[in-house]
K.L.:
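One structure follows; several queries about it will come next.
For ligands, and for the atoms within them, numbers begin at 1 and follow the listed sequence.
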Amino acid sequence: MKVLVINAGSSSLKYQLIDMQTEKVVAKGGCERIGIPGSVLKAKGNGNEKTYEKDMPNHKVAIELVLHALKDDGIGVIKSMDEIGAVGHRIVASGEYFKKTTLVTPDVLKTLEEKTFELAPLHNPAAATGLRACIEVMPKTPMALVFDTSFHATMPEKAYLYGIAYEDYKEYGVRRYGAHGTSHKFVSAEAAKYLGKKPEQLKIVTCHLGNGSSISAVDGGKCVDTSMGFTPLAGVMMGTRSGDIDASAVEFLARKKGLSHSEAVTYLNKKCGVAGISGVSSDFRDLDDGAKQGNARCALALDMFNYQTKKFVGAYAAAMGGLACIVFTAGIGENSPNVREGVVEGLEFLGVTLEKNENAKRVDGIHEISTKDSKVKVLVIPTNEELVIARETAALL
Ligand code: AMP
């Protein structure tokens, strides 16, 4: 069976077609500028690439073009739509309405649209638009919702509750939900496989460090805590997101800067993080360059990021009562030896020893960067969220 994985944003739509027998990607691509002049689909398949510059006023037209590309001359990989057994849709937030991957029915669609949009106003409405477009174009194909939050559904109450009135948690669902769950799930399972252990035997801290960053404590294969919260604004500072901040400081800043509540949250999401501290960029490559050229604020932004990440590693080792492995993944985790070194530096007391030469190397696939005798293994593992979505979708059927 082939599973089509869809990741729809407000003006974009990324896809991968995965053959579940081999778990290989047979076609992939993305539409950009949907609903904006100059929309384009860049598609790959059969070892070829093709660019479609075509007006895409909405997601339905985008999906139709993707399905056309999957059959098109040169890059086509299927002859008929029947070859697509199911579609898995990435959904950022589930609230408490969905705990696991869910087959789409009219009721499910209603709950998604009526209950979850306010939990992820940038992401969930866009995903639902993509989903509706898919249903229209492929009405007979089963669709699954795969949530970024599902892997974190195993967190105990003491980890996911905030110290607010319990009645308000019950009434409004304000609690920690986490994010990047498919990534944390994938890399923690890959780490267990690599170490030749059952997930139940391991206490792992997974560091998904990318444009958005989150850290999870995975004990016995289950997530027991994670750094992102009610929304993906919480935890460590990120490219442009502030990470954790005293709520009173937000009110104070809003008053001083003359911002409304929602403008203050936009400010925390878009103008802060390493971009705000450095005043240079949200991209860690630019920060590395800046720091090398003596820009003190670039160096400070990197220092703060490493320090905050390190604190989560230490906190989660304490929360789990041990640590067998630290995993780095995503854009920064997979590509920045400096960040990896900065994060684990000083954790020798926990039994973490980095092999610096190994850490500096660029290696395809899983890469062990701790010394042979390091009590805690440190691994770099490329994440593959699409494969998790495809697996979950196939398993549901
Ligand atoms: P992601 O959100 O996982 O796609 O990660 C994107 C981020 O990874 C970018 O914003 C960069 O900050 C970071 N990144 C990518 N390549 C490198 C690199 N070679 N060194 C440092 N950071 C990198």
K.L.:
Where is the nearest protein heavy atom to atom 19 (N) of ligand 1: which residue, which atom, and how far?
P.N.:
N335 CB, 3.5 Å
K.L.:
What distance do I389 atom CD1 and L145 atom CG have between them, rounded to the nearest 0.5 Å?
P.N.:
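One gets 11.0 Å once the value is rounded to the nearest 0.5 Å.
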K.L.:
Would one find an N or O of G212, backbone or side chain, under 3.5 Å from an N or O of ligand 1?
P.N.:
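No: no nitrogen or oxygen of G212 is under 3.5 Å from one in ligand 1.
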K.L.:
Is G331 in polar range of ligand 1, meaning some N or O pair under 3.5 Å apart?
P.N.:
yes
K.L.:
Taking K257 first and then E263, would you say they form a salt bridge - that is, a charged N and a carboxylate O separated by under 4.0 Å?
P.N.:
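Between E263 and K257 there is no salt bridge, as every charged N stays at least 4.0 Å from the carboxylate O atoms.
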K.L.:
Are the side chain of T51 and the backbone of L41 linked by a donor-acceptor contact shorter than 3.5 Å?
P.N.:
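Looks like no, no N/O pair under 3.5 Å.
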K.L.:
May I ask you to identify the nearest protein heavy atom to atom 11 (C) of ligand 1, giving residue, atom name and distance to one decimal place in Å?
P.N.:
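Scanning the protein heavy atoms, the shortest distance from atom 11 (C) of ligand 1 goes to D283 OD1, 3.4 Å.
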K.L.:
Between the side chains of N338 and S336, does any donor sit under 3.5 Å from an acceptor?
P.N.:
no
K.L.:
What are the atoms of ligand 1, with element, lying closer than 4.0 Å to any heavy atom of S336?
P.N.:
21 (C)
K.L.:
Just to confirm, does any protein heavy atom lie below 4.0 Å from atom 3 (O) of ligand 1?
P.N.:
yes
K.L.:
Measure from NZ or CZ of R175 to the centre of the six-membered ring of Y169 and say whether it is under 6.0 Å with the direction within 45° of the ring axis.
P.N.:
no
K.L.:
Relative to the heavy atoms of G210, which atoms of ligand 1 are at a distance of less than 4.0 Å?
P.N.:
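This gives 1 (P), 2 (O), 3 (O), 5 (O) as the contact atoms.
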K.L.:
Salt bridge check, R132 against E113: does any charged N sit closer than 4.0 Å to a carboxylate O?
P.N.:
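Yes, this pair counts.
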K.L.:
Cut-off 3.5 Å, side chains only: do T129 and H59 have a donor facing an acceptor?
P.N.:
no
K.L.:
Where the closest heavy atom to atom 16 (N) of ligand 1 is concerned, which of E334, E385, R285 has it?
P.N.:
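Considering heavy atoms of E334, E385, R285, the nearest to atom 16 (N) of ligand 1 sits in R285.
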K.L.:
Which residue holds the protein heavy atom closest to atom 13 (C) of ligand 1, what is that atom called, and what is the gap in Å?
P.N.:
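Looking at atom 13 (C) of ligand 1, the protein heavy atom closest to it is I332 CG1, 3.5 Å.
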K.L.:
Between E64 and K54, does any side-chain N to carboxylate O distance fall below 4.0 Å?
P.N.:
no
K.L.:
Which residue holds the protein heavy atom closest to atom 22 (N) of ligand 1, what is that atom called, and what is the gap in Å?
P.N.:
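It is F284 CB, 3.5 Å.
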K.L.:
Given N211, V274, T329, which one has a non-hydrogen atom that is nearest to atom 6 (C) of ligand 1?
P.N.:
N211
